[in-house]
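What follows is a single structure, written as structure tokens, with notes after it.
Numbers here simply count residues along the sequence, with the first being 1. If you're wondering where the values come from, they're calculated on a predicted model, not measured in any experiment.
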Amino acid sequence: MAENRTGEKTVALNRRASHDYFLEERIEAGMVLTGTEIKSVRQGKVQFKDSYISIYKGEAWIKGMHISAYKEGNIFNVDEERDRKLLLHKTEIQKLLNKVKLKGYTLIPVRMYLKNGRAKLEIALAKGKDLYDKRQTDKIRDAKREMQKALKYHG
């Protein structure tokens with residue numbers, strides 16, 4: 001968990017997102033969490049594996065996100081992979097829904113962070129990458145790594 005200069009503390013990152021998708025537009029959303037869930041989030045016990053955002057009856061929901069049970073939560077703990085409601089304005093939801101339906105985008109979570117004590121989720125409109133796109137991304141990343149290595153030793 002890292003804290004940057006704006007007072008945001010990153011709790012979890014979805015590293016697979018940039019590997020599997022072209023990330024385009026990013027949006028900040030709040031989340032509806034229970035008391036024990038926010039305590040687990042503050043401890044950094046969040047995983048995004050196979051999670052996505054769906055829009056149902058005019059509301060945005062994140063599905064498949066895992067927030068581990070709070071150790072001292074006993075009877076107040078809820079299902080670890082339950083669907084959680086995202087807090088977005090109706091106009092934002094409608095805009096996202098239009099892009100998902102018309103242009104074939106997917107909504108995926110990119111990062112979860114704490115901002116002024118509140119859990120926020122950064123979501124992105126994403127288009128899936130083909131296998132050759134993933135290979136190209138890997139080649140570029142490896143080339144950058146080699147350049148950094150060379151500069152480090154000869155710099």
Side-chain angles (χ1 to χ4, degrees), residues 1-34 37-68 79-152:
M1 295 190 294
E3 190 165 341
N4 62 13
R5 55 187 144 81
T6 60
E8 294 176 356
K9 184 177 175 184
T10 300
V11 177
L13 286 171
N14 189 353
R15 295 190 176 152
R16 297 281 308 166
S18 60
H19 183 264
D20 293 340
Y21 299 96
F22 292 113
L23 302 177
E24 296 188 10
E25 188 177 337
R26 295 175 186 239
I27 298 164
E28 177 184 80
M31 296 177 63
V32 177
L33 299 173
T34 64
E37 284 179 322
I38 190 66
K39 289 178 182 183
S40 285
V41 167
R42 288 192 177 118
Q43 291 177 346
K45 296 183 177 180
V46 179
Q47 292 179 350
F48 288 126
K49 187 177 182 185
D50 299 330
S51 62
Y52 63 97
I53 288 109
S54 70
I55 298 173
Y56 177 71
K57 291 187 179 179
E59 296 177 337
W61 296 83
I62 183 162
K63 298 178 181 260
M65 183 175 70
H66 182 90
I67 297 178
S68 295
D79 182 27
E80 296 174 346
E81 290 201 10
R82 72 180 183 93
D83 298 346
R84 293 168 181 91
K85 185 176 177 181
L86 297 179
L87 302 172
L88 291 165
H89 292 285
K90 283 194 185 285
T91 54
E92 289 177 315
I93 292 172
Q94 194 59 45
K95 186 175 89 171
L96 292 173
L97 185 61
N98 289 339
K99 287 190 178 182
V100 167
K101 280 186 175 178
L102 297 177
K103 297 184 180 177
Y105 285 103
T106 305
L107 288 169
I108 57 168
V110 178
R111 175 175 78 113
M112 181 183 269
Y113 56 97
L114 295 171
K115 183 177 180 181
N116 300 326
R118 302 197 190 285
K120 300 289 183 178
L121 189 67
E122 184 177 304
I123 60 177
L125 275 167
K127 272 209 187 246
K129 284 185 182 179
D130 292 324
L131 184 59
Y132 62 86
D133 290 328
K134 292 178 188 179
R135 287 186 191 138
Q136 188 65 28
T137 304
D138 289 343
K139 283 181 188 176
I140 292 169
R141 187 186 67 235
D142 291 342
K144 284 182 182 178
R145 188 179 302 135
E146 290 297 323
M147 287 191 310
Q148 290 296 328
K149 230 186 231 183
L151 287 174
K152 183 178 176 183

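- Applying the side-chain contact (heavy atoms from CB on, under 4.5 Å) criterion to L97, with sequence neighbours excluded, gives I55, Q94, K101.
- Atom NZ of K49 and atom CG of N14 lie 11.5 Å apart (nearest 0.5 Å).
- The two residues I93 and A60 have their closest heavy-atom pair at CD1-N, 4.0 Å.
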Taking distance alone, no hydrogens or angles, what donor-acceptor pairs closer than 3.5 Å link side-chain atoms of residues 113-126 to residues at least two apart or in another chain?
{"residue": "Y113", "atom": "OH", "partner": "E28", "partner atom": "OE2", "Å": "2.4"}
{"residue": "K115", "atom": "NZ", "partner": "E28", "partner atom": "OE2", "Å": "3.3"}
{"residue": "E122", "atom": "OE1", "partner": "R111", "partner atom": "NE", "Å": "3.4"}
{"residue": "E122", "atom": "OE1", "partner": "R111", "partner atom": "NH2", "Å": "3.4"}
{"residue": "E122", "atom": "OE2", "partner": "R26", "partner atom": "NH1", "Å": "2.7"}

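- Residue R15 qualifies as open at atom CZ: its count of foreign heavy atoms under 6.0 Å is 12 or below.
- Considering every non-hydrogen atom in both P109 and S51, the closest pair reads CG-OG, 3.2 Å.
- Using a 4.5 Å heavy-atom threshold, the side chains of F48 and M112 count as touching.
- Of the inter-residue distances, the one linking K45 atom NZ with K39 atom NZ reads 13.0 Å to the nearest 0.5 angstrom.
- Within the 4.5 Å cutoff, the side chain of L96 has heavy atoms near those of the L88 side chain.
- Remark: R84 engages E37 in a salt bridge, criterion side-chain N to carboxylate O under 4.0 Å.
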* Given the rule in the side chain to side chain contact (heavy atoms under 4.5 Å, CB included) test, do R82 and T34 qualify, once you have shown the distances and angles that lead to the verdict? -> CA-CA 11 Å; R82 72 180 183 93; T34 64; 3.8 Å; yes
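- What you find for S40 and S68 is that their closest heavy atoms are OG-O, 2.7 Å.
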* Between I108 and D20, is a side chain to side chain contact (heavy atoms under 4.5 Å, CB included) present by the stated rule, with each step listed? -> CA-CA 11 Å; I108 57 168; D20 293 340; over 6 Å; no
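- Checked against side-chain contact (heavy atoms from CB on, under 4.5 Å), K129 has the following partners two or more places apart in sequence or in another chain: F22, D133, K134, T137.
- Cation-pi contact between K127 and Y21: absent, since separation from the ring centre below 6.0 Å together with deviation from the ring axis within 45° is not met.
- Taking the charged nitrogens against the carboxylate oxygens, K139 and D142 have no contact shorter than 4.0 Å, which rules out a salt bridge.
- Between R135 and D138, none of the side-chain N atoms (NZ, or NE/NH1/NH2) sits under 4.0 Å from a carboxylate O, so this pair counts as no salt bridge.
- Partners of D83 under the side-chain contact (heavy atoms from CB on, under 4.5 Å) rule, at least two apart in sequence or in another chain, are W61, K63.
- The salt bridge (charged side-chain N to carboxylate O under 4.0 Å, His left out) search around E59 returns K85, not counting sequence neighbours.
- Under the side-chain contact (heavy atoms from CB on, under 4.5 Å) criterion, I140 pairs with Q136, K144, sequence neighbours left out.
- Separation of atoms CD (E92) and CG (L86) is listed at 11.0 Å; rounding is to 0.5 Å.
- Of the residues listed (E25, E24, K99), the one engaging Y105 in a side-chain hydrogen bond (donor to acceptor under 3.5 Å, both in side chains) is E24, and it is the only one.
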